[in-house]
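Below, chains carry the letters A, B, ... as their sequence lines are ordered, and counting in each starts from 1. Note that the structure is a prediction, hence the values are computed from the model and not measured.
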There are 2 protein chains.
Amino acid sequence: MKPKKNVVDRVAQICSALRRAIIERALSPGDKLPEDQLGLSFGVSRTIARQALGQLAAEGLVNLRRNRIAVVATPTVEEARDTFEIRIALEAVVANCLALTITPEQIAELRRHIADQGAADPASQSASIRLATDFHVLLAGMTGRPILERYVTEVAYRSGLALSAYGRPHSNDCAIEEHCQIVDALEEGDVAAAAAAMTSHLSAVVDRAMIRPPQRTERDLSAILAPFIAG
Amino acid sequence: MKPKKNVVDRVAQICSALRRAIIERALSPGDKLPEDQLGLSFGVSRTIARQALGQLAAEGLVNLRRNRIAVVATPTVEEARDTFEIRIALEAVVANCLALTITPEQIAELRRHIADQGAADPASQSASIRLATDFHVLLAGMTGRPILERYVTEVAYRSGLALSAYGRPHSNDCAIEEHCQIVDALEEGDVAAAAAAMTSHLSAVVDRAMIRPPQRTERDLSAILAPFIAG
DNA sequence: GATCGCAAAAGTGCATACAATTAGCAGCGC
DNA sequence: GCGCTGCTAATTGTATGCACTTTTGCGATC
């Protein structure tokens, strides 16, 4: 293969890596993200790191203040609730859409995903959080609507960050059970049931969370980031 | 006043200017946006212009392809419909929220805005389109939820771009009438009626549009942009 | 007259350089 | 001990330079 394509934009790569690091709680709200350290970790110049930070700031995952080091955003409680209400509205659209169009192959893929989720090491917070989020992203992707998928994904990541700030340690079991109910409703093509299952699932996630007070420690950024840098 | 603050981030300034230029149809889908020409127009270097383009691309207003000149996005018909469905879902949330919380002062402000809209020169497409969009942004802002406001704004601009590609020349009168109905429902605190008025208004916008085939001409970018550069 | 090839021009992709701002810290007075 | 002051290191904000890619213009060729 030619040395031509830079994979697909290094900015996007860095954004994905940081998003995953945030959603998996390797990075916590308030963690600092200095441009040159980021650049060093990902093997790019500050120019690129800076663009990535700009994107993430637009997505609400990072806070940017002039002449200040970028930090992982710390959503307020109001923002967290707001995010989830928006998420519920958007994912209801997904459920409505999919209940009418979903194929048996897609159902199978979803069940496979849920099985993976069940098989994940329950001790590994990061894996179960990521899989739970991926389930929703997968659903959104199945609608075949790129814009809907984009917004659902964005808001799902933002929710993950909010949970990271306020949620109690993620509990995987209930998520799996509720994800199953959603797939069941989709399989039957029951629009109302699918939307209801989705809504009550997300509401339950909110109810289960919104408890723990935030914590604060200093850590080594490059060590945190190492596993997220694509080979 | 001190010579310190750069207003508030020049990237954001350029983004706003371009968003307005797009929504007012001074820029049409497919129009080229070369970095150095942009930089020249706004008095910044390519670095800054480039960052702005990155943001706008993330918002779906601009298309970016590697080594190619950035262009104003040309939404497909599917994307346009998708955008509007998302918009309807989000603005229904706005309507629900406001029907319960809106104050008499806010009602007055909305009626004032609608009056301005009625007073706008009907020949001026750009003014009436901008005012119509601003009405929705204003509503979203009144919820006091910054995240909801952000998504509604983004999707409203995207809708505007879609209409620019496919809509027939914007008709102001019906919009004003429908905006009035929304405010009426909000004033009565009737949640269901407000959401219904909002939904049917947006559906009507879609129905009225989605007709005209896109056109294509070459124009002078810096002349187009001149009125959008903040003093 | 149309087509192909190729070199110049235009444009992007990225790193680096430098100015400006902030953060950290030592020293000082109280 | 505590807070203020000024210095230095760290970090961001922006422009510029260079390599590379795409587009364009133009002449040769058929």
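Going from atom SG of A:Cys97 over to atom CE of A:Met142 covers 12.0 Å, rounded to the nearest 0.5 Å.
Of the candidate nucleotides C:dG11, D:dT14, D:dT21, D:dT14 has the atom nearest to the side chain of B:Arg10. Side chain of B:Val44, nearest nucleotide from D:dA15, C:dT12, D:dT12: D:dA15.
Of the options B:His179, B:Arg130, B:Arg112, a side chain to side chain contact (heavy atoms under 4.5 Å, CB included) to B:Gln117 is made by B:His179 and by none of the others.
Look at CG on B:Asp36: it is 16 Å from C1' on D:dT14, rounded to the nearest Å. Taking atom CG of B:Leu64 as the reference point, atom P of C:dG13 lies 7 Å away to the nearest angstrom. Summarising the geometry, the separation between CD1 on B:Ile69 and P on D:dT21 is reported as 17 Å, rounded to the nearest angstrom. Separating the CZ atom of A:Arg66 from the C1' atom of C:dA20 is a distance of 9 Å, rounded to the nearest angstrom. In this entry the distance linking CG of A:Leu53 with C1' of D:dT11 reads 13 Å, nearest Å. Between the C1' atom of D:dT22 and the NZ atom of B:Lys32 lies a distance of 11 Å, rounded to the nearest Å. When the C1' atom of D:dG13 is taken as reference, atom CZ of B:Arg46 falls 17 Å away, rounded to whole Å. The CG atom of B:Leu40 sits 14 Å away from the C1' atom of D:dA15 (whole-angstrom rounding).
Both A:Arg65 and A:Gly43 sit near DNA chain C, but only A:Gly43 has its closest nucleotide nearer the 5' end. Mapping A:Ser45 and A:Asn67 onto DNA chain C via the closest heavy atom, the residue that lands nearer the 5' end is A:Ser45.
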Before you tell me yes or no, could you show the steps for B:Ile102 and B:Leu110 under side-chain contact (heavy atoms from CB on, under 4.5 Å), namely the whole-Å CA-CA distance, both residues' side-chain angles and the distance that decides it to 0.1 Å? CA-CA 11 Å; B:Ile102 202 162; B:Leu110 289 170; 3.8 Å; yes
Show your reasoning for whether side-chain contact (heavy atoms from CB on, under 4.5 Å) applies to A:Thr101 and A:Thr143. CA-CA 8 Å; A:Thr101 67; A:Thr143 62; over 6 Å; no
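Residue-level contact check: A:Arg68 touches the backbone only, with heavy atoms under 4.0 Å from sugar-phosphate atoms and none from bases.
Regarding contacts with the backbone of D:dG13, a side-chain N or O of A:Arg50 is found under 4.0 angstrom from either OP1 or OP2.
The main-chain N or O of B:Val94 is never found under 3.5 Å from a side-chain atom of B:Arg145 such that the two would form a donor-acceptor pair.
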